[in-house]
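The next block holds one structure in the form of structure tokens; read it before the comments.
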Amino acid sequence: MSTETERRYDPEAIEPRWQAVWERERTWEVGNDAEAGTEKSYVLEMLPYPSGEPHMGHLKNYAIGDAVAHFHRRTGRRVLHPMGYDAFGLPAENHAIRTGELPRDSTAASIAAFQRQLRRWGVSIDWSREFGTHEPRYYRWTQWLFLQLFERGLAYRNEAAVNWCPKDATVLANEQVIDGRCERCGTEVEIKQLEQWFFRITDYADALIDGLDDIAWPEHVKTMQRNWIGRSTGAEVTFECPELGTEYPVFTTRPDTLFGATFFVMAPEHPDVLRLATGTPHEAAVQDYVAHVAREGHEERGDADRAKTGVPLGRSVVNPVNGERIPMFVADYVLMDYGTGAIMAVPGHDQRDFDFATAFDLPVRRVIEGGEELPYTGDGPLTDSDPRFDGLGNREALEAIVAWLDDQGRGHPSINYRLRDWLLSRQRYWGCPIPIVHCDACGLVPVPEDQLPVELPDVTDYTPQGRSPLAAAEAWVTTTCPRCGAHARRETDTMDTFVDSSWYFLRYCDAGNDEAAWDPEVLRRWAPVDQYIGGVEHAILHLMYSRFVVKALRDIGLLDFDEPFARLFTQGMITRDGAKMSKSKGNQISPTTYVDRYGADTARCYTMFIGPPDQDVDWRDDDIAGVHRFLGRLWRLAADVAGAGRRPAEAPDAPEGADLELVRKAHWAIDKVTTDMVGRFAFNTAIAAVMELVNEGYKHRDVASPEAQHFAVATAASLIFPFAPHAGADAYDLLTGDRVWEQPWPAADSRFLERDTVQIVVQVNGKVRDRFDAPADAGREAVEAAARERPNVQAHIDGKDVVKVVVVPGRLVNLVVR
RNA sequence: GCGGCUGUGGCGGAAUUGGUAGACGCGCAGGCUUCAGGUGCCUGUGGGCUUCGGCCCGUGGAGGUUCAAGUCCUCUCAGCCGCACCA
């Protein structure tokens with residue numbers, strides 16, 4: 001094979017050549033005109049945050065998405081596969097403070113880097129729809145969206161206890177606080193009482209939970225969202241304090257244990273705590289305790305393992321089910337922002353209440369039978385409660401007790417959520433301005449739609465000072481009220497970047513529209529996203545916010561669907577030596593290094609071949625060389641076979657011998673790759689199947705006919721195309737002169753998937769003793785008889801009784817002997 | 001504590017409804033091509049024993065169901081992720 005040494009697989013030449021074709025012909029652009037009879041497919045990878053250069057995770061993300069996009073195109077769908085940049089945000093601004101480089105400039109530089117790399121990777125993007133969320137032509141509509149929500153009361157301004165990051169000098173959403181620390185900089189957050197902007201996401205708590213049932217998302221992501229929303233059902237029960245004549249409702253998931261309540265606890269932040277203690281001997285102690293708790297850190301207070309602390313209030317409340325007076329306490333294990341800020345304590349059946357009762361020597365009462373020791377939190381019949389309920393199973397009793405309280409007007413069924421409203425305002429510069437004007441006479445006035453966008457002004461000082469840097473832009477801040485024309489001031493806070501990214505997938509559908517955020521007709525043609533691909537780190541934040549926005553827009557009447565992402569795939573992280581790659585660890589690897597060395601196709605294939613794409617995997621330099629070797633083998637075999645002349649990829653009519661083996665393997669590979677792509681994202685095994693086909697090609701190289709070889713290699717090129725588009729296109733072109741992306745996805749011929757002989761395994765007592773070939777259509781009796789004939793089987797059944805025979809046609813025979 | 005995921009050769013990983021464990025790749029060993037460079041092609045490669053016919057062991061661990069278990073059930077260990085004093 002003298003040609004082998006002459007022809008070298010040269011991605012440096014191949015890749016730019018095909019990229020030029022796709023660029024010149026705008027191959028991956030799609031129009032918005034209706035096309036009857038063609039199924040649409042909207043394939044989307046999460047948009048990148050442009051900070052520095054793209055990393056390996058981006059390469060993997062776009063490699064996966066591109067494989068899906070290509071596969072969908074070649075299986076007859078019209079594919080929308082756009083790209084954009086989540087360009088606003090803190091890192092660009094912090095970078096600006098550090099280096100003096102303007103956020104606008106550093107962001108632009110990073111976007112240019114992404115554009116360069118994405119083209120160099122050969123990703124099939126419709127560039128005509130590209131935008132950055134920081135461009136006025138985009139955020140004009142982000143502001144419009146904000147106003148839509150504002151006008152329906154879904155965006156509101158309110159004073160509340162909020163998370164404040166002292167380092168970044170801005171408030172944060174609950175979702176951005178991890179273990180009591182800022183998710184960006186790791187600084188411990190403080191709780192401040194501030195007036196801020198919120199989206200009323202809690203109105204959608206139930207809808208967000210229920211909608212999960214209708215979407216094809218990984219179960220663990222759904223679970224995370226359900227846990228985050230944290231729906232608990234129970235009852236609200238009112239306790240009265242006769243000394244002051246005040247009433248305190250509590251939320252409980254266990255009204256069945258009401259008869260076991262032996263004390264009552266309020267959160268230190270509860271507005272009535274000081275008033276209750278006033279005039280009692282505990283007044284000073286309560287004041288001290290409340291002041292002490294106020295100084296406590298998030299982390300300290302959140303530790304469930306530390307000893308319970310608290311102080312008596314010197315008052316008591318009446319348990320509405322039995323009229324018993326129980327003492328009141330203030331303790332920091334009760335939180336103001338969940339439920340009502342007060343609880344009934346049932347130490348017999350709750351660990352925390354039990355711990356508190358032990359520390360303060362309070363009575364512990366058993367009202368549910370079961371378990372050996374208290375506290376017992378399981379199910380069981382009621383005891384020592386009330387003759388009407390004693391003996392009933394606790395779940396049954398729960399319903400009965402709530403119904404009875406409801407009758408008496410002392411309680412009612414209730415549902416509580418862990419989810420809080422989405423705090424969206426930020427006291428930072430590099431974000432979308434909130435399109436609101438503060439007028440002394442009219443209050444909060446929306447900027448009229450025809451005056452959008454409210455453009456982000458240039459400022460010189462980004463340093464966070466506890467108020468938005470925009471406040472320093474006096475000329476910009478000063479304006480007139482759109483309603484009354486009086487002197488007014490602009491809102492100076494900007495929006496959380498998660499607002500920008502909560503709707504970008506809608507804008508791609510109609511990115512060039514200057515009249516509206518989108519044309520409903522056009523949106524109907526593309527939305528929702530059929531396949532969304534990205535990292536799990538967005539399981540809650542971005543994915544829940546987007547779902548909320550889409551549901552809200554649907555209710556407003558602007559959309560006719562209510563889930564943005566029909567299917568979600570979460571890719572695993574690429575780690576280095578088992579650790580997450582990061583600048584600080586110095587263990588980053590750059591895609592450029594590997595694209596330079598092996599080409600984009602190799603780097604792309606490797607990120608998918610390394611392991612199941614949804615799993616975390618460790619990068620190994622040795623393994624990527626193996627993938628490069630494979631692409632070289634495929635390409636050289638194609639170049640070699642193409643030496644016999646170009647022709648269409650067609651299988652020989654009636655192959656025999658080596659030809660038949662080769663044609664069969666090709667059809668097997670078609671079937672394998674197709675099922676791996678359709679049913680699941682098993683790209684690793686799909687690529688392995690193409691490797692097997694190429695290996696088979698080499699195996700039969702000197703014996704198979706040129707026709708059979710040609711068909712097998714052209715099939716391999718066709719199948720590898722979604723993963724290695726340049727190598728696939730080039731090999732296919734060498735063999736056929738055709739463009740592989742214009743060819744329909746190959747179809748497996750069932751005649752070649754079935755074999756006329758199959759290997760039968762013979763087991764004796766479940767252990768494999770022999771194998772033999774039998775006609776595929778052989779009957780049970782024939783197979784069993786043949787199995788018994790095998791010498792090694794004979795040796796194992798000789799002199800024993802065959803008590804049972806199991807025959808699985810086409811697979812095995814199991815002889816059970818005694 | 002609650003919820004979820006993962007444990008398979010020296011390594012990454014295959015095994016679609018229980019039916020040949022280890023596909024494919026890496027690594028390693030040997031061979032071939034006048035082969036000087038991040039080469040190419042071929043063969044072998046779970047462990048142990050072997051009279052070279054085979055035999056025994058083997059999917060984190062212990063039980064169980066079944067003719068048959070990596071796969072199903074029970075318990076258990078280890079690691080990772082999410083939530084966490086949420087009443």
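Below, read A as the first sequence line, B as the second, and so on, with proteins coming before strands; counting in each chain starts at 1.
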Distance-only donor-acceptor test (3.5 Å): side chain A:Gln615, base B:U6: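 Answer is no: no donor-acceptor pair is held.
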A:Asp622 (side chain) and B:C26 (base): donor-acceptor pair under 3.5 Å: no
[N] - base-pair partner by Watson-Crick or wobble geometry, distances under 3.5 Å:
N: B:C55; result: B:G48
N: B:U6; result: B:A78
N: B:U33; result: none
N: B:C72; result: B:G64
N: B:G25; result: B:C11
N: B:G18; result: none
N: B:C83; result: B:G1

Side-chain N,O ([X]) to OP1/OP2 ([N]) below 4.0 Å:
X: A:Asn227; N: B:C86; result: no
X: A:Arg680; N: B:A14; result: no
X: A:Arg8; N: B:G40; result: no
X: A:Ser232; N: B:A87; result: yes
X: A:Arg633; N: B:C42; result: yes
X: A:Tyr698; N: B:C41; result: yes
X: A:His796; N: B:C55; result: yes
X: A:Lys767; N: B:C57; result: yes
X: A:Arg636; N: B:C41; result: yes
X: A:Asn684; N: B:A14; result: yes
X: A:Arg629; N: B:G38; result: no

Ion pair [X]/[Y], N-O distance below 4.0 Å:
X: A:Glu784; Y: A:Arg788; value: yes
X: A:Arg254; Y: A:Asp353; value: no
X: A:Arg629; Y: A:Asp622; value: no

A:Phe239, A:Phe360, A:Phe356 screened by ring-ring contact (aromatic ring centres under 6.0 Å, His included) with A:Phe263, the one that passes: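 So the option named by the test is A:Phe356.
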Torsion-based syn/anti label for B:G53, 90° from 0 as limit: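 The base of B:G53 is oriented syn (glycosidic angle within 90° of 0).
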Conformer about C1'-N of B:G9 - syn within 90° of 0, anti elsewhere: syn
Charged tip of A:Arg633 within 45° of A:Phe630 ring normal and under 6.0 Å: no
Candidates B:C26, B:G19, B:A14 - which lies nearest the side chain of A:Arg811: B:G19
Ring geometry between A:Tyr248 and A:Phe264 (parallel below 30°, tilted from 30 to 60°, perpendicular above 60°): tilted
